[in-house]
Amino acid sequence: MDDKRIIDLYLARNERAIEETDSRYGEFSRNLSFRILNSHEDVEECINDAYLRLWNSIPPTVPNSLKAYLGRIVRNLSLNRLRWKTEKKRDCDANVLLSEISDCIPAKENVEQTVDQKLLSELITKWLSEEKKVNRRIFVRRYWYGSSYRELE
């Protein structure tokens with residue numbers, strides 16, 4: 001089933017939408033979450049939470065790309081769960097990944113930092129648009145999907 005039909009199921013409040021989402025994007029979602037959490041139990045909790053968030057947010061939101069929308073939800077839930085589980089542990093692989101770019105991302109929310117985040121986002125987008133396709137893919141695979149350096153070779 002294509003994304004538009006799945007979204008239509010959500011809009012109609014048809015519970016089959018979750019089954020169809022899992023059928024189409026379950027493997028993608030689990031792989032994305034597992035790269036961050038490295039725990040099948042935590043992944044399943046995040047995936048269930050992600051489907052609940054989808055159910056609660058569609059409607060009113062109607063995403064242009066269900067895969068991207070779901071991916072963002074899964075990634076954010078997984079990162080939040082990781083932070084919660086590793087508050088006192090600092091040697092986790094995903095913490096290393098996040099620390100690589102943490103100096104560039106403002107930590108607290110205020111007007112100046114919000115402007116900085118927007119500017120940083122625009123600069124990264126501009127920089128990526130000027131890079132070769134292979135470099136853009138490496139950047140996204142590393143910092144969005146959490147691919148290891150070995151996987152990028």
Side-chain angles (χ1 to χ4, degrees), residues 2-4 6-8 10-11 17 21-22 24-40 42-153:
D2 68 6
D3 285 6
K4 181 175 179 351
I6 294 172
I7 291 170
D8 287 343
Y10 280 105
L11 294 172
T21 301
D22 191 59
R24 184 164 171 109
Y25 295 119
E27 183 178 351
F28 160 78
S29 300
R30 284 174 181 81
N31 288 338
L32 177 60
S33 185
F34 190 79
R35 288 183 180 278
I36 296 168
L37 295 170
N38 202 27
S39 163
H40 293 290
D42 290 337
V43 166
E44 287 308 314
E45 285 189 38
C46 282
I47 298 305
N48 289 334
D49 290 348
Y51 293 157
L52 179 61
R53 290 241 176 127
L54 272 178
W55 182 261
N56 289 333
S57 67
I58 303 174
T61 302
V62 180
N64 291 326
S65 167
L66 183 60
K67 183 178 183 179
Y69 190 71
L70 175 61
R72 184 174 184 164
I73 291 170
V74 168
R75 186 170 187 273
N76 288 340
L77 287 170
S78 299
L79 289 170
N80 289 342
R81 182 153 188 87
L82 176 72
R83 286 184 194 108
W84 177 78
K85 287 186 70 169
T86 61
E87 283 178 335
K88 296 184 180 176
K89 297 177 188 175
R90 300 296 178 212
D91 58 349
C92 175
D93 290 341
N95 282 338
V96 171
L97 173 66
L98 294 173
S99 72
E100 289 178 1
I101 59 172
S102 65
D103 293 337
C104 302
I105 301 171
K108 295 183 180 175
E109 291 293 325
N110 66 36
V111 175
E112 287 178 13
Q113 290 172 336
T114 302
V115 171
D116 286 348
Q117 284 177 333
K118 183 170 175 40
L119 179 59
L120 176 63
S121 175
E122 290 170 0
L123 289 172
I124 289 173
T125 300
K126 182 179 183 307
W127 173 73
L128 284 173
S129 71
E130 295 169 356
E131 284 294 312
K132 294 179 183 174
K133 185 175 183 175
V134 67
N135 292 342
R136 291 192 305 263
R137 294 183 108 177
I138 289 171
F139 182 88
V140 170
R141 286 180 58 204
R142 176 69 180 149
Y143 296 109
W144 178 259
Y145 294 107
S147 297
S148 69
Y149 288 120
R150 267 198 191 124
E151 293 171 313
L152 296 175
E153 293 177 341

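FYI, the numbering just counts along the sequence from 1.
- Considering OG of Ser33 and CZ of Arg81, their distance stands at 9.0 Å, rounded to 0.5 Å.
- Within the model, atoms CG of Leu77 and CZ of Arg72 stand 12.0 Å from one another, a figure rounded to the nearest 0.5 Å.
- With sequence neighbours excluded, no residue satisfies salt bridge (charged side-chain N to carboxylate O under 4.0 Å, His left out) with Glu131.
- Counting non-hydrogen atoms of other residues, nucleotides and ligands closer than 6.0 Å to CZ of Arg53 gives a total of 12 or fewer.
- For the pair Pro63/Ile58, a side-chain contact is recorded, criterion being any heavy-atom separation below 4.5 Å from C-beta on.
- Residues Cys46 and Leu37 share a closest heavy-atom pair of SG-CD1, 3.7 Å.
- Side chains of Leu54 and Leu66 form a contact here, defined as non-hydrogen atoms less than 4.5 Å apart.
- To the nearest 0.5 Å, the span separating NZ on Lys67 from CD1 on Ile6 amounts to 12.0 Å.
- Side-chain contact between Leu11 and Asp8 is present, with at least one heavy-atom pair separated by less than 4.5 Å.
- Here Glu130 pairs with Lys126 under the side chain to side chain contact (heavy atoms under 4.5 Å, CB included) rule; sequence neighbours left out.
- Residues satisfying the salt bridge (charged side-chain N to carboxylate O under 4.0 Å, His left out) test with Glu122, not counting sequence neighbours, are Lys118.
- Thr21 and Tyr10 are linked by a side-chain donor-acceptor pair at a separation below 3.5 angstrom, with hydrogens and angles left out of the test.
- Annotation: side chain of Leu128 is in contact with side chain of Ile124 (closest heavy-atom distance under 4.5 Å).
- Within the 4.5 Å cutoff, side-chain heavy atoms of Arg30 are placed close to those of Asp22.
- Each of Val74, Asn56, Ile73, Leu70 was checked for a side-chain contact (heavy atoms from CB on, under 4.5 Å) with Tyr51, and the lone residue meeting it is Leu70.
- Ring geometry for His40 versus Phe34: interplanar angle under 30°, hence parallel rather than tilted (30 to 60°).
- Heavy-atom neighbours of Arg136 CZ from other residues, nucleotides or ligands within 6.0 Å: above the threshold of 12.
- Inter-residue side-chain proximity for Tyr25 and Asp3 is flagged as met; some heavy-atom pair is nearer than 4.5 Å.
- We find the CD-OG distance between Glu45 and Ser39 to be 8.5 Å, quoted to the nearest 0.5 Å.
- With values rounded to the nearest 0.5 angstrom, Ile7 atom CD1 is found 8.0 Å from Lys4 atom NZ.
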